Amino acid sequence: MEKLRRGLSGQDDEEQGLTAQVLDASTLSFSTRVKWFAICFIAGVVCSILGTGLLWLPKGIKLFAVFYTLGNISALASTCFLMGPLKQLKTMFEPKRLVATVVMLLCLLLTLCAVFWWNKKGLALLFCILQFLAMTWYSLSYIPFARDAVIKCFTSCLG
């Protein structure tokens, strides 16, 4: 309704500013939201792959941890363009995703702490692995019955 009112009164979306438009995903066109989702997601994947490649360089663990963490943050932020930041935050902290979200965010933070403040390379690598697992578990929560299938698969393999 607000868009219609702005259109009839002659106000332009450009007056609203880019930041306000990004925060209100409904003001962006669908194609713009999909494009920015793809850009952020691909940037996240590239950062993660680049970080993995840097891992094998001498003293590359710091670069690996930073690029891998930035990649995960970028990939996670990419979905804000599809559903909007407020809806993204609401869905992230729904009861079925709460544990995965908290573990994922903690691991993002702890990875950087382990590399920059504690200088513990092994701990940073462990937190990167936990980031991957938490991000995977979080992502599976959006696919109906995916978590149940993974649990069933692992229990049949182990039992």
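Heavy-atom basis, side chains included; hydrogens, waters and symmetry copies ignored. Only a predicted model underlies this, so the values are computations on that prediction, with no experimental measurement involved.
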- Message: Under a 3.5 Å distance rule, please check whether S156 uses its side chain to pair with a backbone N or O of C153 as donor and acceptor.
- Response: yes
- For the residue pair P85 and L89, establish whether any side-chain heavy-atom pair is separated by less than 4.5 Å. no
- Do we see a donor-acceptor contact under 3.5 Å between the side chains of T136 and S139? no
- Query: Minimum heavy-atom separation for W117 to L112, with atom names?
  - Reply: CE3-O, 3.9 Å
- Measuring from F145:CZ to L140:CG, what's the distance to the nearest 0.5 Å? 14.0 Å
- Message: Using every non-hydrogen atom in the two residues, find where Y68 and C128 come nearest and quote the distance to one decimal.
- Response: CE2-O, 3.6 Å
- Of the non-hydrogen atoms in G51 and F67, which two are nearest, and what is the gap between them? CA-CB, 3.6 Å
- Message: Could you tell me if the side chain of L76 sits less than 4.5 Å from the side chain of Q88, heavy atoms only?
- Response: yes
- Task: Go through the steps for N119 and K62 under the test side-chain contact (heavy atoms from CB on, under 4.5 Å), then give the verdict.
- Result: CA-CA 9 Å; N119 287 324; K62 284 186 179 182; 3.8 Å; yes
- Is there a side-chain contact (heavy atoms from CB on, under 4.5 Å) between L126 and K120 once you walk through the steps? CA-CA 10 Å; L126 174 68; K120 303 286 184 187; over 6 Å; no
- Item | Check: F116 and V66 side chains under 4.5 Å, non-hydrogen atoms | yes
- Message: One pair to check against side-chain contact (heavy atoms from CB on, under 4.5 Å): C113 and W118. What are the steps and the verdict?
- Response: CA-CA 6 Å; C113 288; W118 305 328; 3.7 Å; yes
- Message: Could you report the tightest heavy-atom contact between L105 and M92, atom names first, then the distance?
- Response: CD1-CE, 4.5 Å
- Within the distance-only criterion (no hydrogens, no angle test), does the side chain of S74 pair as donor or acceptor with the backbone N or O of G71 below 3.5 angstrom? no
- Message: Looking at F132, I want to see if its CZ is surrounded by more than 12 non-hydrogen atoms of other residues, nucleotides or ligands under 6.0 Å.
- Response: no
- Task: Find the distance between CZ (F127) and CG (L109) and round it off to the nearest 0.5 Å.
- Result: 9.5 Å
- Message: Against the six-membered ring of Y142, is R97 placed for a cation-pi contact (under 6.0 Å from the centre, within 45° of the normal)?
- Response: yes
- Could you label the plane-to-plane angle of the F81 and W36 rings as parallel, tilted or perpendicular, counting under 30° as parallel and over 60° as perpendicular? parallel
- Item | From CA spacing to verdict: side-chain contact (heavy atoms from CB on, under 4.5 Å), S29, T32 | CA-CA 5 Å; S29 70; T32 302; 2.8 Å; yes
